[in-house]
Amino acid sequence: RRDIFILPSSRSGLNVFFNKIGYSTVLGPNFSKPISDYFDNLFSINLNNRNFEFDMLIKLFENIFNGKISIESGSKKIIYTPDKGDEIIPIENAASMVSELAPFVLHLLFLINRRSDKSWLKPPLLIIEEPEAHLHPKLQVQLMEIFAELTKHNVKVILTSHSNYMFNQLSNMLLKKEIAPEKVGVYHMVMTEKGSIVKPDMQATEEGIEDHNFAGVAQKLYQERLETYEALNEDTDADK
């Protein structure tokens with residue numbers, strides 16, 4: 001057995017829903033199990049069970065959004081407290097970047113590895129959909145570094161992403177030997193006539209990961225720019 005934690009996509013919207021509507025309304029047959037489990041975990045947070053194992057990572061997050069994330073003991077509402085001033089901001093009124101990252105922070109603070117007495121459990125599994133949502137590219141790179149650091153704490157991380165920045169950062173970390181290839185699995189999903197399949201063309205190696213997903217789009221845009229420049233130069237020469 002293992003503890004499994006899922007952070008679904010559209011976390012900003014889910015957090016607003018949770019804070020505005022409340023836990024009792026959330027649960028029900030109209031919600032998928034990942035979303036119900038997500039709300040269950042948030043509602044189960046006990047402020048007295050603060051986990052100190054990830055303090056270094058928590059500090060990185062707090063530096064990113066210049067404040068602290070917590071949850072009210074009574075209402076269980078997620079709140080954000082900026083470093084400057086003493087204002088307490090409900091998560092639905094915070095920046096979308098803060099709202100997207102808040103559940104990740106809360107899981108590190110109170111949920112992941114909190115059951116240290118159950119050593120027979122397999123390493124916890126953290127599944128995150130679209131972690132790059134609403135993040136500047138610089139922050140996406142930092143987030144990938146945090147994920148890599150999290151694996152050193154015996155946490156298995158699975159993420160789905162469309163971020164070229166996160167992909168390239170992971171590839172660079174492999175090249176710099178900051179993470180071992182056997183610690184990384186890459187699954188390139190492509191759509192075929194028979195449905196979605198995994199192409200084995202983006203394996204992690206000591207030299208990084210070959211880009212068979214994002215590179216084609218970048219090359220197409222670059223070629224389009226060159227052709228546009230050529231066309232503009234031809235028009236300029238014709239006007240002379």
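Heavy-atom basis, side chains included; hydrogens, waters and symmetry copies ignored.
Between the side chain of Thr228 and the backbone N or O of Glu224 there is at least one donor-acceptor pair closer than 3.5 Å. One N or O on the side chain of Glu100 and one on the backbone of Ser12 form a donor-acceptor pair closer than 3.5 Å. Looking only at distances, no side-chain donor or acceptor of Ser36 sits under 3.5 Å from a matching main-chain atom of Lys33. A donor-acceptor contact shorter than 3.5 Å links the side chain of Thr205 to the backbone of Gly208. The closest donor-acceptor contact from the side chain of His153 to the backbone of Val155 lies at 3.5 Å or more, if one exists at all. Under a 3.5 Å cut-off, the side chain of Lys76 and the backbone N or O of Ile45 do form a donor-acceptor pair.
Nearest heavy-atom pair, Pro8 versus Glu129, reported as atom, atom and distance to 0.1 Å: CA-OE2, 3.4 Å. Across all non-hydrogen atoms, the minimal contact from Ala204 to Ile209 is CA-CG1, 4.0 Å. Minimum heavy-atom separation, Ala148 to Met173: CB-CE, 3.3 Å. Here the shortest heavy-atom pairing between Ser73 and Leu47 reads CB-CD1, 3.7 Å. Smallest separation of non-hydrogen atoms from Glu130 and Ser9: CG-CB, 4.4 Å. The two atoms that bring Ile88 and Pro90 nearest to each other are O-CD, 3.8 Å, heavy atoms only.
Contact annotation: the side chain of Phe110 never approaches that of Asn51 to less than 4.5 Å [non-hydrogen atoms, C-beta and beyond]. Looking at heavy atoms from C-beta onward, Leu139 lies in side-chain contact with Met97 at the 4.5 angstrom threshold. By the 4.5 Å heavy-atom criterion applied to side chains, Leu126 and Ile158 are not counted as neighbours. The closest side-chain heavy-atom distance from Thr81 to Glu87 is not below 4.5 Å. Taking 4.5 Å as the limit, every side-chain heavy atom of Glu92 sits out of range of all side-chain heavy atoms of Ser99. No side-chain heavy atom of Val141 sits under 4.5 Å from any side-chain heavy atom of Met144. Between Ile78 and Leu42 the shortest side-chain heavy-atom distance falls below 4.5 Å. Two residues are said to be in side-chain contact when any heavy atoms from C-beta on lie closer than 4.5 Å; Leu175 and Glu206 fail this criterion.
When each of Tyr38, Phe5, Phe147 is paired with Phe104, the ring-ring contact (aromatic ring centres under 6.0 Å, His included) condition holds for Phe147 and for no other.
Neither Ile4 nor Ile112 shares a network with the other; the hydrophobic side chains, linked directly or stepwise wherever heavy atoms of I, L, V, M, F, W or Y lie under 4.5 Å apart, form separate groups for each. Cluster membership for Val157 and Leu111, using ILVMFWY side-chain heavy atoms within less than 4.5 angstrom, is shared. When hydrophobic clusters are built by joining Ile, Leu, Val, Met, Phe, Trp and Tyr residues whose side-chain heavy atoms come closer than 4.5 Å, directly or via intermediates, Val217 is not grouped with Met166. Both Phe214 and Leu159 are members of a single hydrophobic cluster when ILVMFWY side chains are connected at heavy-atom separations under 4.5 Å. No continuous path of ILVMFWY side-chain contacts below 4.5 Å connects Tyr187 to Leu174, so the two sit in separate hydrophobic clusters.
Donor-acceptor pairing under 3.5 Å is recorded for the side chains of Asn164 and Asn168. A donor atom on one side chain and an acceptor atom on the other are found under 3.5 Å apart for Gln140 and Ser163. Side chains of Glu132 and His162: no donor on one and acceptor on the other come within 3.5 Å.
Interatomic distance, CZ of Arg50 versus CG of Asn46, reported as 13.0 Å (0.5 Å rounding). In this structure, Tyr165 OH and His136 NE2 are separated by 8.0 Å, a value rounded to the nearest 0.5 Å. The distance from atom CD1 of Ile128 to atom CG of Leu7, rounded to the nearest 0.5 Å, is 5.0 Å. From Lys183, atom NZ reaches atom CD of Glu178 across 15.5 Å, with rounding to the nearest 0.5 Å. In this structure, Glu62 CD and Asp55 CG are separated by 8.5 Å, a value rounded to the nearest 0.5 Å. The structure places OG of Ser171 at 11.5 Å from CD1 of Ile179, a figure rounded to the nearest 0.5 Å.
A salt bridge does not link Lys156 to Asp3: none of the charged side-chain nitrogens sits closer than 4.0 Å to a carboxylate oxygen. Under the 4.0 Å criterion applied to side-chain N and carboxylate O atoms, Lys77 and Glu72 are not assigned as salt-bridge partners.
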- Item | side chain to side chain contact (heavy atoms under 4.5 Å, CB included) assessment of Asp211 paired with Phe167 | CA-CA 9 Å; Asp211 186 356; Phe167 167 81; 3.6 Å; yes

- Task: Determine, step by step, whether Ile58 and Leu109 satisfy the side chain to side chain contact (heavy atoms under 4.5 Å, CB included) criterion, reporting the C-alpha distance in whole Å, the side-chain angles of both residues, the deciding distance to 0.1 Å, and the verdict.
- Result: CA-CA 8 Å; Ile58 296 299; Leu109 280 170; 3.9 Å; yes

- Apply the test side chain to side chain contact (heavy atoms under 4.5 Å, CB included) to residues Ile79 and Ile91: give CA-CA distance (whole Å), side-chain angles for both, the deciding distance (0.1 Å), then the verdict. CA-CA 5 Å; Ile79 55 176; Ile91 198 62; over 6 Å; no

- Does the pair Met202 and Glu210 meet the rule for a side chain to side chain contact (heavy atoms under 4.5 Å, CB included), with working shown? CA-CA 5 Å; Met202 294 178 64; Glu210 286 192 35; 5.7 Å; no

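Tyr80 and Phe65 have perpendicular rings, their planes meeting at more than 60° on a 0 to 90° scale where under 30° would count as parallel.
Ring centroids of Phe61 and Phe54 are separated by 6.0 Å or more, keeping the two rings apart.
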